[in-house]
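The next block holds one structure in the form of C-alpha cells; read it before the comments.
Proteins come first, then strands; the chains are lettered A, B, ... in the order of their sequence lines, and each starts at number 1.
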Protein chains: 2
Amino acid sequence: MATPDLKPSDAPPSPAIVLQSMLERARTAHRQWTRDQWAHRETALWAMAEAVRRHTDAILAANAEDLRQSREAGLPVPLQNRVGLTKASVDRLAAGLEDIARLPDPLGRGRGMKTLANGLRLESVTVPLGVIGLVYESRPGVTVDAAGLAVKSGNALLLRGGKEARGSNQALFAALTEGLSAAGLPTDLLQLVTTGGREYVQAMVSLRGLDLLIPRGGNSLIRWVQEHAVVPVIETGVGNCHVYVDRAADLDMAVHIVLDAKVGNPAVCNAAETVLVHEAVAPAFLPRLEKALAAHGVTLHADAKALAWLEHAVPATDDDFAREYLSLDLAVGVVPDLDGALAHIAAYGTGHSEAIVTDDYRAGTAFQAGVDAAVVYWNASTRFTDGGQFGLGAEVGISTQKLHARGPMGVEALTTVKTLAWGSGQPRDL
Amino acid sequence: MATPDLKPSDAPPSPAIVLQSMLERARTAHRQWTRDQWAHRETALWAMAEAVRRHTDAILAANAEDLRQSREAGLPVPLQNRVGLTKASVDRLAAGLEDIARLPDPLGRGRGMKTLANGLRLESVTVPLGVIGLVYESRPGVTVDAAGLAVKSGNALLLRGGKEARGSNQALFAALTEGLSAAGLPTDLLQLVTTGGREYVQAMVSLRGLDLLIPRGGNSLIRWVQEHAVVPVIETGVGNCHVYVDRAADLDMAVHIVLDAKVGNPAVCNAAETVLVHEAVAPAFLPRLEKALAAHGVTLHADAKALAWLEHAVPATDDDFAREYLSLDLAVGVVPDLDGALAHIAAYGTGHSEAIVTDDYRAGTAFQAGVDAAVVYWNASTRFTDGGQFGLGAEVGISTQKLHARGPMGVEALTTVKTLAWGSGQPRDL
C-alpha cells in the first residue's frame, strides 16, 4: 500500500492515506510483538518514565510554546489550563508510568480450565485487543497515560490529540518512543498524528481495521465519534453527576461532600453538577450550602422549591438540570423523597457517578440498588471516580456505557479473551 | 406515551410506536424487578421449563402450521429444517432452561473489595444490562434459549423472531410467560414482536433506550443491524472457520476432525468452511480427505496446488475462501508452512473458531498464539464452539467481536458491573 513519502505528486497525502499507513505500521509491529508474547512491557514502561523525566525541559519548552499560541489564538482560560504542564505534573506523569509498570500483568490470565466429558480442555485467557485508536482533546497528559496503559496491556496505539497541545504531545511522544526503543520494542507500536485539523478526526473514525476507538473529551466530540465510527467505540466521560442529600443526611457531611464534588476541580467529568435535596431538610440545608459555596464563587441554579430557601440563586430551567456545566455553577432541586431523587437521576443522569448522603441504611441501600450508573457513592464525593484513585495507575477514559468496561478504564479494559482448546481428535457429532 | 390500543384512528400503529410501547412496558417491569433485586429467577426458569413441556402439543401444532406455510411459500429446505421442531427438540429446549436454572447466579458477584488509604471502600458487583433486544431469524429455539438466559441474568428482553417461525414463537412465548407468571414475575419482562415484516427490524434498530441489541442470523442481517443500530450491538455468528492440517498432523485424526467440522452440521456457524494443508503432507492427506468427504456428498473447491492431488474437486476462486458456505461445500488450500496458514486465516477468517491438527508442540502453540479468534482448537473440531458444549446452558449468540463478550454468550455476557462505594464524608481535594 502507498505510504505518504512514496507519493509521486507534490500534493500532501490525504488524511485517510496517512492514517491507513500509520495503522499498517502499527499492525505490523503488533503482529511481531504478538509472536514475541508482548515481551519487555515492564522494561519499556520504566524506560518511558525515565525518558519523560530526562526530557522534562524539552517537554516544558514545547508546552510553553503551545500555551503562547493558545493565548494568541484567544483560547478560553479553562482550556489553556488543560494544556498547561509544570515540572511537577510532568513528574507525576512519569510516576504514573511507574505505577502502571508495577501493576499485575493483565495478559495471559485464565478463568480456570474446564474439561468436557469427552476430555476436551478449554481455557479462556486474556489477550490484547490489538490496535486501539484514541481521539482526545487538549490535555497532553492523556498521551502519556494512554501510551502507558496500552503498552502494559500489549496493545498498539494510534493517538490523535488536540491541536492546542500539538508541540507538547510531540515532545512527550518523542520521549515515550525513546523508552520503547530502549527496551528493544518497535517504536511503530505508538503512532501520533501530528498534522492537520478536524479532517484527521474524520479520517480516524473512518479507519476500518482498528480494534477499538476511544473518544475522550467534550460531549460533542464523543457524540460525533460515536455516530460516525466504523469500528467499536467506547463512550467516555460525560458526567452529569448528582449528590442527593437525604432526609437522614448528616448535613455537615453533606455540605462538605458537595463542596468537594463541585469546587475541588469543576472542569472534570466526575464533578457534581446537581444537588438534589429531600424536602424535609431543604430549609436547614440549603442556606448552609449557599453560604459554603458562595465563598468559592459558585452560582446556584435552583428550581422553584429550592429558590424559597436560597438568597442569591437564579431560577433553573430544565436545561440546567440536563447540562454538564464543568464550571462553578450548580443546579439545585428539591425532591419529595428518595424515589423522586431516583426518578430525577434516571431522567437526567449520564450513568457516570452518583452520590447519596444519608445515615439511613434503607435509603442508602435503595439508592445504590436503584441508580443505574458506573459508580454509586454512599457518603462520599463523586470526585473519586478516577483511574488513579481506583488503583489503576491511570485511565484511558471513564466509560459511561455498560458494555465491555464501565467506569475508569485501566489496563483490563484494553484486553479481551481468547479461548484455547486442547483435544485429542474427539468429534462432536460423528 | 401513546400505546397502540389507545390510538384514536383506525390506522394500524406504526412499528416505531408498537416497539416503543413494548420497550416502555419492559422497562417499567424491569425497574420494579430491580427494586426487588431480580428475585424469583430460578423459580421462574423451572416454571418456564415445566410450561414448555406441558404445552408441547400446542407448540408442535403451531410449528407444523409454520412448516406448512414455509413449504407453500417455497422456502428452501435447509431453512425449513431450521424452523422445524420435534417432541425431542422441545424437550431439549425445556431441559436447557433447567440447565440454566442450575447455573451459578451471575448477579451480585464482586471482584473483591478495595479500601483506599482514606478509608473509602469500593466493590464492583455484577448487575443486569437492563432491557436487551434480540433480532433473529428462523430457529424458534432461540426464543427459549434467549428468554432463559435473560431471566437468569435479570434482564428484560424484546424478541423479534423470523416470520417463518411466527406461530412457533408465539406458542413458545405463551408457555414462557406462563412460567414467569407462575413465579410471580411480571410477564412484561418478555416481549415478543409478532406482527409485520422487515419494517419491524428497521424499527428495532432505531429504538433508542435498549441497553444492548443482538442480531443473530445470517451475515446480511448482522451487517445491516450493525450499520443501522442506534444502541450498542454485539456482532454474532458469522463463522468462516478453518482447519489447518500441519506437516506433523496425525492424518487419520485430521480426516476425522475435518469430517466432523464439515459434515456434522454444515448449516451452523462453527462448521469448517476451509481446510488448509501443509504442502509436505498434501499428497498423502488430500486423496484420503477426498474419499472420506465424498461419502457424504461434499464438494471440494480447491486452489491450484490442492487440485493436483484431488480427483473431483472444482477450482476455487478467491470468493470460495471468503465465503461462509453453510452447506456441503469445502474450500481447500495448500500452504507452504504454518506462517502461510496464519496469513490465510488473518486475511479470510471472521474471528470465530480456528483449528490446527498437529503433534508438534511448537506448531500448536504458535498457532494458538498467532490466530486472532474467539476459540483456537488444537487437535479438535471447530464444532465445539457452542454455549451448551461450553457449559453455559445455552447461548444468546456467538460473539465474533472482541469487546464485552467473545465466543458463546451465556448469562455472564448479559451482565455489566456497578461499582458501589461506601465513605464517611472524606473529601478528595479539600
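Most heavy-atom pairs under 4.5 Å with chain A: of the set B:Q401, B:K114, B:K418, B:E235, this distinction falls to B:K418. If you tally non-hydrogen atom pairs under 4.5 Å between each of B:N118, B:V371, B:V375 and chain A, the highest count goes to B:V375. Taking chain A as the reference chain and counting heavy-atom pairs below 4.5 Å, the highest number among B:Q37, B:K402, B:M253 is found for B:K402.
With rounding to the nearest 0.5 Å, the separation of CD in A:Q426 from CD1 in B:I257 is 8.0 Å. A distance of 12.5 Å separates CH2 in A:W378 from OG in B:S424, rounded to the nearest 0.5 Å.
For A:L342, no part sits under 4.5 Å from any heavy atom of chain B, backbone or side chain. Using a 4.5 Å cut-off between heavy atoms, A:D36 makes no contact with chain B at all. Contact annotation for A:L116: only side-chain heavy atoms (C-beta onward) come within less than 4.5 Å of a heavy atom of chain B. For A:A374, the part lying under 4.5 angstrom from a heavy atom of chain B is the backbone only. If you measure heavy-atom distances from A:A373 to chain B, the contacts under 4.5 Å come from the backbone alone.
Side-chain atoms of A:Y377 and B:L120, non-hydrogen and from C-beta on, do get closer than 4.5 Å to each other. Residues B:F384 and A:L122 form no side-chain contact, since every pair of their non-hydrogen atoms from C-beta on lies 4.5 Å or further apart. A:V376 has its side chain out of reach of B:T419: every pair of non-hydrogen atoms, C-beta onward, lies at least 4.5 Å apart. A heavy-atom distance below 4.5 Å is found between the side chains of A:L403 and B:I234.
The two atoms that bring A:R406 and B:V417 nearest to each other are CD-O, 2.8 Å, heavy atoms only. Pairing each heavy atom of A:T34 with each of B:A369, the nearest pair is CG2-O, 3.7 Å. Taking all atoms of both residues into account, the shortest heavy-atom contact from A:A346 to B:R31 is CB-NH2, 4.5 Å. Contact detail for A:A380 and B:G423: the closest heavy-atom pair is CB-CA, 4.1 Å.
Within a 6.0 Å sphere centred on CD of A:E412, heavy atoms belonging to other residues, nucleotides or ligands number 12 at most. Within a 6.0 Å radius of CZ in A:R109, more than 12 heavy atoms belonging to other residues, nucleotides or ligands are found.
At distances below 3.5 Å, not a single donor-acceptor pair connects side-chain atoms of A:E227 with backbone N or O atoms of B:V230.
Within residues 351-365 of chain A, no residue has a heavy atom under 4.5 Å from a heavy atom of chain B.
Taking B:T382 as the reference, nothing meets the side chain to side chain donor-acceptor pair (under 3.5 Å) condition, with sequence neighbours excluded.
Looking at B:D386 and A:R428, a side-chain N of the basic residue comes within less than 4.0 Å of a carboxylate O on the acidic one, giving a salt bridge.
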